[in-house]
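Just below is one structure, and these are the notes that go with it.
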Amino acid sequence: MIIIKSDEEIELMRTSGKVTGTILHELKDFIRPGLSTLDIDRFVEKRIRRHGMVPTFLGYNGFPASACVSINDEVVHGIPEKGRILQEGDIVSVDIGSTYKGYVSDAARTYAVGKISDEARRLIEVTEASFFEGIRYARVGHRLSDISHAVQEVAEAAGFGVIRDYVGHGVGHDMHEDPPIPNYGKAGKGPRLVKGMALAIEPMIVQGSYECEKLLNDWTVVTADGKLAAHYENTVVITDGEPELLTLYREE
């Protein structure tokens with residue numbers, strides 16, 4: 001069941017989203033070669049708690065950290081580790097959630113670690129561009145798959161693959177609510193968008209095949225062919241007009 005949010009609920013999510021977006025923006029200057037993925041997790045948790053909020057991911061279905069930190073061929077759900085060190089040329093995706101008075105915001109970005117290859121940078125840029133093309137359709141009256149189709153069109157036109165096994169989702173009182181939001185598919189399918197829907201739209205785009213597999217830790221998802229993956233996500237609210245991106249930092 002899709003839960004339509006009241007103005008009061010959206011305001012709580014707006015407060016949470018501002019913190020989530022700010023932290024992801026701050027990570028641009030924090031991430032560098034030599035850091036561990038655990039350093040990133042501690043950075044995220046400290047800042048969430050500083051704002052009086054709770055790290056949504058910590059303990060969620062047993063997840064052991066406040067941030068998912070995924071390097072290179074890791075698509076999503078990378079577990080932060082003290083011994084996992086960022087290297088020059090890596091790309092790293094950071095996915096975080098903040099909970100404020102019981103309401104969640106969820107967002108992700110992919111960052112360059114030092115100087116990266118042109119192809120890695122293009123992957124990051126296309127992943128972000130596919131999100132923004134998708135939300136052109138995040139308006140009252142469109143169908144959910146209009147977003148999905150637009151994401152797929154941008155990614156595949158650039159020669160990249162679109163992950164099938166993991167999707168976006170509704171968000172609000174719980175981190176994962178209905179509806180599921182694939183990043184691929186035919187337009188004109190699924191529920192019509194209405195004011196008050198809150199959606200975590202999150203393209204996961206890869207250099208090669210969309211086939212992926214889960215590591216033995218039962219969390220981290222990697223590309224089956226070992227090629228790079230990028231992730232871009234925002235919490236989006238459907239309004240009477242333009243969609244509102246709760247987790248987009250003001251300068252973005």
Side-chain angles (χ1 to χ4, degrees), residues 1-25 44 47-48 51-57 60 68 76 94-109 127-152 154 166-183 185 187-204 231-252:
M1 180 179 71
I2 299 173
I3 301 171
I4 304 304
K5 308 304 184 294
S6 68
D7 290 345
E8 292 76 15
E9 290 174 309
I10 291 170
E11 184 58 33
L12 293 175
M13 294 179 68
R14 189 178 287 122
T15 301
S16 170
K18 183 176 179 180
V19 169
T20 297
T22 297
I23 294 169
L24 290 171
H25 179 76
V44 168
R47 278 156 177 76
I48 291 173
H51 288 278
M53 299 185 187
V54 175
T56 309
F57 292 5
Y60 183 82
C68 297
V76 286
V94 183
D95 188 357
I96 68 174
S98 305
T99 301
Y100 177 65
K101 295 185 177 180
Y103 284 85
V104 174
S105 60
D106 183 12
R109 304 285 187 270
T127 302
E128 181 175 341
S130 72
F131 168 88
F132 283 102
E133 181 64 20
I135 66 161
R136 289 182 57 206
Y137 300 90
R139 291 172 172 268
V140 169
H142 281 288
R143 291 197 179 271
L144 191 69
S145 73
D146 296 342
I147 299 172
S148 307
H149 180 73
V151 169
Q152 182 181 15
V154 169
Y166 296 85
V167 301
H169 49 89
V171 63
H173 186 66
D174 295 318
M175 181 162 65
H176 291 108
E177 297 182 354
D178 286 334
I181 310 168
N183 294 302
K189 306 291 184 181
R192 289 200 181 275
L193 302 180
V194 300
K195 181 183 178 182
M197 281 185 175
L199 310 173
I201 299 170
E202 51 178 320
M204 290 158 271
H231 187 192
Y232 188 87
E233 175 184 21
N234 281 300
T235 296
V236 178
V237 171
I238 305 301
T239 74
D240 284 329
E242 295 279 346
E244 182 179 358
L245 279 63
L246 303 186
T247 50
L248 194 68
Y249 187 71
R250 60 183 182 272
E251 291 181 6
E252 296 177 283

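It should be emphasised that the depicted structure is a prediction, and the values quoted were computed from it without experimental measurement. Basis for what follows: all heavy atoms, side chains included, without hydrogens, waters or symmetry-related copies.
- Annotation: ring pair (Phe, Tyr, Trp, His ring centres under 6.0 Å) contacts of Tyr103 (sequence neighbours excluded): His173.
- The two atoms that bring Arg14 and Leu246 nearest to each other are N-CD1, 4.0 Å, heavy atoms only.
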Check your understanding: Do Val167 and Ile181 pass the side chain to side chain contact (heavy atoms under 4.5 Å, CB included) test, and can you show the C-alpha distance, the side-chain angles, and the key distance before you say yes or no?
Key -> CA-CA 5 Å; Val167 301; Ile181 310 168; 5.5 Å; no

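- A side-chain N or O of Thr20 and one of Ser98 form a donor-acceptor pair less than 3.5 Å apart.
- For the pair Leu144 and Pro179, the minimum side-chain heavy-atom distance is below 4.5 Å.
- Residues Glu9 and Ser6 share a closest heavy-atom pair of OE1-N, 2.8 Å.
- A side-chain contact (heavy atoms from CB on, under 4.5 Å) with Ile23 is found for exactly one of Val94, Ile48, Thr247, namely Ile48.
- Side-chain contact between Arg109 and His231 is absent, with no heavy-atom pair separated by less than 4.5 Å.
- By the 6.0 Å contact criterion, NZ on Lys5 is enclosed, its count of non-hydrogen atoms from other residues, nucleotides or ligands being greater than 12.
- Judged by distance alone, the side chains of Thr56 and Thr99 do bring a donor and an acceptor atom under 3.5 Å apart.
- The shortest side-chain heavy-atom distance between Met197 and Ile4 falls under the 4.5 Å cut-off.
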Exercise for review: Applying side chain to side chain contact (heavy atoms under 4.5 Å, CB included), run through Thr15 and Lys101 and close with a yes or a no.
Suggested key: CA-CA 10 Å; Thr15 301; Lys101 295 185 177 180; over 6 Å; no

Review point. Yes or no on side chain to side chain contact (heavy atoms under 4.5 Å, CB included) for Glu202 and Tyr166, after CA distance, side-chain angles and deciding distance?
Key: CA-CA 9 Å; Glu202 51 178 320; Tyr166 296 85; over 6 Å; no

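- Counting only distance, with no hydrogens or angles, the side chain of His169 and the backbone of Ala200 share no donor-acceptor pair below 3.5 Å.
- Taking OG of Ser130 as the reference point, atom CD1 of Ile147 lies at 12.0 Å (rounded to 0.5 Å).
- If you look at His176 and Tyr60, their ring centroids are closer than 6.0 Å.
- Here the NZ atom belonging to Lys18 is positioned 9.0 Å from the OH atom belonging to Tyr249, to the nearest 0.5 angstrom.
- Pairs passing the side-chain hydrogen bond (donor to acceptor under 3.5 Å, both in side chains) check and including a residue from residues 189-201, sequence neighbours excluded, read Lys195-Asp240.
- Looking only at distances, no side-chain donor or acceptor of Thr235 sits under 3.5 Å from a matching main-chain atom of Ser105.
- His51 has its side chain out of reach of Thr22: every pair of non-hydrogen atoms, C-beta onward, lies at least 4.5 Å apart.
- The minimum heavy-atom distance between Leu24 and Ala108, with the atom names listed, is CD1-N, 3.9 Å.
- Side-chain contact between Val140 and Leu193: absent, with no pair of heavy atoms (C-beta onward) separated by less than 4.5 Å.
- Taking CZ of Arg136 as the start and CD of Glu242 as the end, the distance is 10.5 Å to the nearest 0.5 Å.
- Contact between Gly188 and Arg143 at its shortest, heavy atoms only, is O-CD, 3.1 Å.
- To the nearest 0.5 Å, the span separating CG on Asn183 from OG on Ser145 amounts to 12.5 Å.
- Looking at Phe131 and Val154, their side chains never come closer than 4.5 Å, going by heavy atoms from C-beta outward.
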Exercise for review: May I have the step-by-step check of side chain to side chain contact (heavy atoms under 4.5 Å, CB included) for Phe132 and Leu245, ending in yes or no?
Suggested key: CA-CA 11 Å; Phe132 283 102; Leu245 279 63; 3.9 Å; yes

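- Listed for the Gln152 side chain is a donor-acceptor partner under 3.5 Å among the backbone atoms of Gly185.
- Taking every heavy atom of both residues into account, Ile238 and Ala138 meet most closely at CD1-O, 3.4 Å.
- Ring pair Tyr137/His142 is perpendicular by interplanar angle, where above 60° counts as perpendicular and below 30° as parallel.
- Taking 4.5 Å as the limit, some side-chain heavy atom of Asp95 sits within range of a side-chain heavy atom of Glu233.
- Closest of all the heavy-atom pairs between Tyr100 and Ser16 is CB-CB, 3.9 Å.
- Here the straight-line distance linking atom CG of Leu248 with atom CD1 of Ile135 works out to 8.0 Å at 0.5 Å rounding.
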